[in-house]
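Heads up: the structure comes next, in structure tokens.
Because only heavy atoms are used, hydrogens play no part in the values below, and waters and symmetry mates are left out as well, while side chains stay in.
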Amino acid sequence: MKKTIEIVSERNSLLRQRVELDGFEDIFVDVPKAYGGEGGAPDPHDYFDLSLGACKAITAQMYAKRKKWPLEGVSVTVNRDDSEEPKGTYRLEVVMTFHGIDDPEQRARLEEISHKCPIHRLITSSTVEVTTRTADTAGA
């Protein structure tokens, strides 16, 4: 399945970007003031990290629903340690709380299932190929 996401620089803004995605509006990306931005929106790393946490929560919820377990909701905290990112190591600690699940075996199973979410697998076991090119604007 192919999907297109368009990112357009905001006019009258330092580095803030507006994202156009399947009719969703008001999605923005920025960088902190310390890096030359305005800090008016999450930065790209935040979206990377939150996609993992959200995917894990959704995967656990889908599994619990299929099993008819009494899961009332999921809270996820993603802790980032990017201190060694320049050396090639980016650490994420994901802490999950499964509300309404008292059985330790069910909680352990939900955690285990969360490792199978598409974003976790993408990050940990896929080869991602990125091709970047300049758009042909001749005649535009």
Side-chain angles (χ1 to χ4, degrees):
M1 175 170 99
K2 291 188 175 186
K3 184 171 204 143
T4 300
I5 300 171
E6 301 219 8
I7 295 99
V8 180
S9 296
E10 284 280 281
R11 293 179 188 253
N12 302 319
S13 183
L14 297 173
L15 298 173
R16 186 173 157 121
Q17 308 295 307
R18 179 176 37 85
V19 179
E20 297 175 6
L21 170 64
D22 291 341
F24 292 100
E25 298 179 15
D26 300 326
I27 300 174
F28 296 95
V29 182
D30 200 353
V31 294
K33 291 179 181 181
Y35 293 101
E38 298 170 78
D43 77 11
H45 285 83
D46 295 333
Y47 281 105
F48 181 84
D49 302 352
L50 76 82
S51 68
L52 176 63
C55 188
K56 284 177 160 294
I58 291 166
T59 299
Q61 286 178 297
M62 291 171 68
Y63 184 84
K65 183 176 182 177
R66 196 173 83 236
K67 292 289 193 178
K68 296 183 171 41
W69 288 355
L71 182 64
E72 297 168 3
V74 180
S75 296
V76 179
T77 301
V78 179
N79 298 306
R80 172 193 317 155
D81 178 357
D82 59 2
S83 62
E84 294 185 26
E85 184 180 1
K87 298 177 188 174
T89 301
Y90 188 82
R91 290 183 177 88
L92 296 174
E93 175 195 39
V94 181
V95 181
M96 302 182 74
T97 304
F98 302 110
H99 304 285
I101 301 290
D102 295 325
D103 183 333
E105 289 181 14
Q106 287 181 342
R107 284 196 308 268
R109 181 67 179 147
L110 289 173
E111 178 188 332
E112 180 183 332
I113 287 298
S114 80
H115 300 321
K116 298 179 187 298
C117 87
I119 300 300
H120 186 115
R121 288 185 310 186
L122 178 67
I123 292 170
T124 60
S125 62
S126 296
T127 298
V128 177
E129 297 178 2
V130 177
T131 303
T132 303
R133 63 182 175 82
T134 302
D136 180 11
T137 57

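- Taking CD of Glu10 as the start and CG of Leu15 as the end, the distance is 12.0 Å to the nearest 0.5 Å.
- For Phe28, there are no ring-ring contact (aromatic ring centres under 6.0 Å, His included) partners two or more places apart in sequence or in a different chain.
- Remark: Thr97 OG1 to Leu110 CG distance equals 12.0 Å, nearest 0.5 Å.
- Residues forming a side chain to side chain donor-acceptor pair (under 3.5 Å) with Gln17 (at least two apart in sequence, or on another chain): Ser9.
- Residues Val130 and Ile7 do not share a hydrophobic cluster, defined by chaining ILVMFWY side chains whose heavy atoms lie under 4.5 Å apart.
- Glu25 meets the side-chain contact (heavy atoms from CB on, under 4.5 Å) test with no other residue; sequence neighbours excluded.
- Ile113 contributes atom CD1, which lies 12.5 Å from atom CD of Gln106 (distance to the nearest 0.5 angstrom).
- Looking at residues two or more places apart in sequence or on another chain, you find a side chain to side chain donor-acceptor pair (under 3.5 Å) between Ser83 and Asp81.
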Show which side-chain atoms of residues 62-78 pair as donor or acceptor with protein atoms under 3.5 Å away, not counting sequence neighbours.
from	atom 1	to	atom 2	distance (Å)
Tyr63	OH	Arg109	NE	3.1
Ser75	OG	His99	NE2	2.6

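- By the rule that hydrophobic residues join a cluster once side-chain heavy atoms approach within less than 4.5 Å of another member, Val19 and Phe24 end up as members of one cluster.
- Remark: the backbone N or O of Asp102 is paired with a side-chain donor or acceptor of Arg107 at under 3.5 angstrom.
- The cluster map of Ile, Leu, Val, Met, Phe, Trp and Tyr, joined by side-chain heavy atoms under 4.5 Å apart, puts Ile5 and Ile27 in the same cluster.
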Could you give the side-chain donor-acceptor pairs of residues 48-60 under 3.5 Å, partners two or more places apart or in another chain?
from	atom 1	to	atom 2	distance (Å)
Asp49	OD1	Tyr90	OH	2.7
Asp49	OD2	Arg80	NE	2.4
Asp49	OD2	Arg80	NH2	2.8
Asp49	OD2	Tyr90	OH	3.2
Ser51	OG	Tyr47	O	3.4
Ser51	OG	Phe48	O	2.7
Lys56	NZ	Ser114	O	3.4
Lys56	NZ	Ser114	OG	3.3
Lys56	NZ	His115	ND1	3.1
Lys56	NZ	His120	ND1	3.0
Thr59	OG1	Cys55	O	2.9

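- Residues in residues 28-43 take part in these side chain to side chain donor-acceptor pair (under 3.5 Å) pairs, two or more places apart or across chains: Ser13-Glu38.
- With sequence neighbours excluded, the residues forming a side-chain contact (heavy atoms from CB on, under 4.5 Å) with Glu105 are Asp103, listed by chain and number.
- By the salt bridge (Lys or Arg N to Asp or Glu O under 4.0 Å) test, Glu85 is found to be paired with no residue, residues two or more places apart in sequence or in another chain being considered.
- Residues that satisfy the salt bridge (Lys or Arg N to Asp or Glu O under 4.0 Å) test with Asp26, not counting sequence neighbours, are absent from this structure.
- With sequence neighbours left out, the side-chain contact (heavy atoms from CB on, under 4.5 Å) criterion links Glu84 to Thr89, Arg91.
- With sequence neighbours left out, Lys3 forms a side chain to side chain donor-acceptor pair (under 3.5 Å) with Asp22.
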